[in-house]
Student: 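Sharing a structure here in structure tokens format.
Chain identifiers are assigned alphabetically (A, B, ...) following the order of the sequence lines, protein sequences preceding nucleic acid strands; residue numbering begins at 1 within each chain. What you see is a predicted model; the values in this text were computed from it and never measured. Side chains included, hydrogens not; waters and symmetry mates left out as well; all remaining heavy atoms used.
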There are 2 protein chains.
Amino acid sequence: MSGEDNLLKLVEAEEPDENDYRLQEQVGFILRKAHQRHVSIFAARIADLTPPQFAALAKLRDVGETSQNQLGTLIAMDAATVKGVIDRLKARGLVELSKHEVDKRRLLVNLTAEGRDAVERLIPLAREITQETLAPLSAKEIATFMKLLAKLA
Amino acid sequence: MSGEDNLLKLVEAEEPDENDYRLQEQVGFILRKAHQRHVSIFAARIADLTPPQFAALAKLRDVGETSQNQLGTLIAMDAATVKGVIDRLKARGLVELSKHEVDKRRLLVNLTAEGRDAVERLIPLAREITQETLAPLSAKEIATFMKLLAKLA
DNA sequence: TTGATATCATTTGCATACGAATGAATTTGG
DNA sequence: CCAAATTCATTCGTATGCAAATGATATCAA
């Protein structure tokens, strides 16, 4: 092997082939597909609610009445997005809105009785959705995956 | 401990506490957040193109001219979505459309010279985006994570 | 106290994302 | 060969998701 060959190999090893970019192997692309698959599984099991809508209801069940903005922070939605989600839940009678007595900027959100019933009814299905999403992995793999995924999120 | 206590424990063990559903630990919720983080990193490095738009360009670079539908399959977008993406790329002169000579249903998509230049220029940035997205993980963790994520997608 | 800042909510505009319906063209099966 | 099924593309409606601008209110600091 000549010295030039060694140099070439070295360069290739340090600077991965310019012509070789595999979209299918990029984490962003696979993350997008994995998310799509999960949403699809969700829709198959819970047809009348989207994952963000369910997230809002589940979080309200946890924390009780909160401001719209605070809820958005808790479920990772910006103000514009959370407004749309809450509007639709309100239109369906699953949440109710009220004004904060002291801080007049805040819009308080809470579950209605119907909303609470809905969450309680859906939580078992949500557990199944989680299971089905993770079904391609073994129990051990699931533990590893969830740990690493949490680091990325 | 009474027999009733034992029964209670057994039931709790089989049927995980009804009142204990933690949204923050569900794979779908974390997957959504990880995806959001990636999109945010992407936008910070490549301001004038979205991840789906870049995916279309990168895939066209790989496979050359294809039908709009086929491209959608390759980058995991349904027909309605891919149409919008291609329309916007076309409006910016990055791809060009033509009709398939034989099969008149098909709309062929290809990179323009400008589109090809853009992809080549952006691929190094895309590599950096992948790296930054995975930065919270060690090299070993990255290998593990990508293997498991691929199984889920 | 008041002027600068910060926070909360809303609105607009743009870009995925997908189900469902439609129309045109092709392929398949009898 | 021809009717049925399939494929490709488009359109419509609905739902995130985010940046940027705006207005109202609250907090902070000089």
Student: Tell me the interatomic distance from R37(A), atom CZ, to dC18(C), atom P, rounded to whole angstroms.
Tutor: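 About 14 Å, once rounded to whole Å.
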Student: Does a nitrogen or oxygen in the side chain of Q53(A) sit under 4.0 Å from OP1 or OP2 of dT16(D)?
Tutor: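 Yes, such a contact exists.
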Student: Please state whether the phosphate of dT16(D), meaning OP1 or OP2, lies under 4.0 angstrom from any side-chain nitrogen or oxygen of T81(A).
Tutor: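 False: T81(A) side-chain N/O out of range (4.0 Å or more) of dT16(D) OP1/OP2.
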Student: If I take atom CZ in residue R32(A) and atom C1' in nucleotide dA15(C), what distance separates them, rounded to the nearest angstrom?
Tutor: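 Going from R32(A) (CZ) to dA15(C) (C1'), I get 12 Å.
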Student: Over how many whole Å does the gap from K33(B) atom NZ to dC18(D) atom P extend?
Tutor: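 Between P of dC18(D) and NZ of K33(B): 12 Å.
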Student: Looking at E120(A) and R61(A), is there a salt bridge between them, counting it only when a charged N and a carboxylate O are closer than 4.0 Å?
Tutor: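 Salt bridge between R61(A) and E120(A), a charged N being under 4.0 Å from a carboxylate O: yes.
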Student: So, the side chain of T112(B) versus the backbone of G93(B): is there a donor-acceptor pair under 3.5 Å, distance only?
Tutor: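 Indeed, once roles are kept as given, a pair shorter than 3.5 Å links the two residues.
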Student: Out of dT10(C), dC8(C), dT10(D), which nucleotide sits closest to the side chain of Q68(B)?
Tutor: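 Of the candidates, dT10(D) comes closest.
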Student: So V39(A), base contact, sugar-phosphate only, or nothing? Heavy-atom distance under 4.0 Å.
Tutor: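 Since no nucleic acid heavy atom lies under 4.0 Å of V39(A), the category is nothing.
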Student: Scan L111(A), I123(A), V85(A), D62(A) and name whichever one has a side-chain contact (heavy atoms from CB on, under 4.5 Å) with L57(A).
Tutor: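 Of all the options given, the one that passes is L111(A).
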Student: Nearest whole Å is fine: how far is dA26(D) P from H100(A) NE2?
Tutor: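 Computing the H100(A):NE2 to dA26(D):P distance gives 10 Å.
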Student: Can you check the L49(A) CG to dC18(C) P distance for me, whole Å?
Tutor: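 Rounded to the whole Å, the gap is 18 Å.
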Student: Out of dT25(D), dC8(D), dT16(C), which nucleotide sits closest to the side chain of V85(B)?
Tutor: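 Among the listed nucleotides, the one closest to the side chain of V85(B) is dT16(C).
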Student: Once you apply a heavy-atom cut-off of 4.0 Å, does S67(A) come out as touching a base, just sugar-phosphate, or nothing?
Tutor: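 S67(A): backbone/sugar contact only, no base atoms under 4.0 Å.
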Student: Applying a 4.0 Å non-hydrogen cut-off, can you work out what D103(A) is touching in the nucleic acid: base, sugar-phosphate, or nothing?
Tutor: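 Counting heavy atoms under 4.0 Å across all strands, the contact made by D103(A) is with sugar-phosphate only.
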Student: If you define the side chain from C-beta out and look only at heavy atoms, does anything of P52(A) sit under 4.5 Å from M77(A)?
Tutor: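 Yes, their side chains come closer than 4.5 Å.
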Student: Tell me the interatomic distance from L107(A), atom CG, to dT25(D), atom C1', rounded to whole angstroms.
Tutor: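 To the nearest whole Å, that distance equals 14 Å.
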Student: Counting heavy atoms from C-beta on, name the nucleotide in dC8(C), dA9(D), dA15(C) closest to the side chain of R88(B).
Tutor: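 Of all the options, the side chain of R88(B) is nearest to dA15(C).
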Student: Please report, rounded to the nearest Å, how far the P atom of dA15(C) is from the CZ atom of F42(B).
Tutor: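 To the nearest whole Å, that distance equals 14 Å.
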Student: Quick check on DNA chain D: between N69(B) and Q36(B), whose nearest nucleotide comes earlier from the 5' end?
Tutor: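 Per heavy-atom nearest nucleotide, the more 5' residue is N69(B).
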Student: Take atom CG of D78(B) and atom P of dT14(D), then tell me their distance rounded to the nearest Å.
Tutor: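 In whole Å, dT14(D) P lies 17 Å from D78(B) CG.
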Student: Where each residue is assigned the nucleotide of DNA chain D containing its nearest heavy atom, which of A80(A) and V102(A) is assigned the position nearer the 5′ end?
Tutor: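 That would be A80(A).
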Student: Is the backbone N or O of A76(A) less than 3.5 Å from a side-chain atom of R32(B), with the two atoms forming a donor-acceptor pair by type?
Tutor: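 Checking the backbone N and O of A76(A) against the side chain of R32(B), a donor-acceptor pair under 3.5 Å is found.
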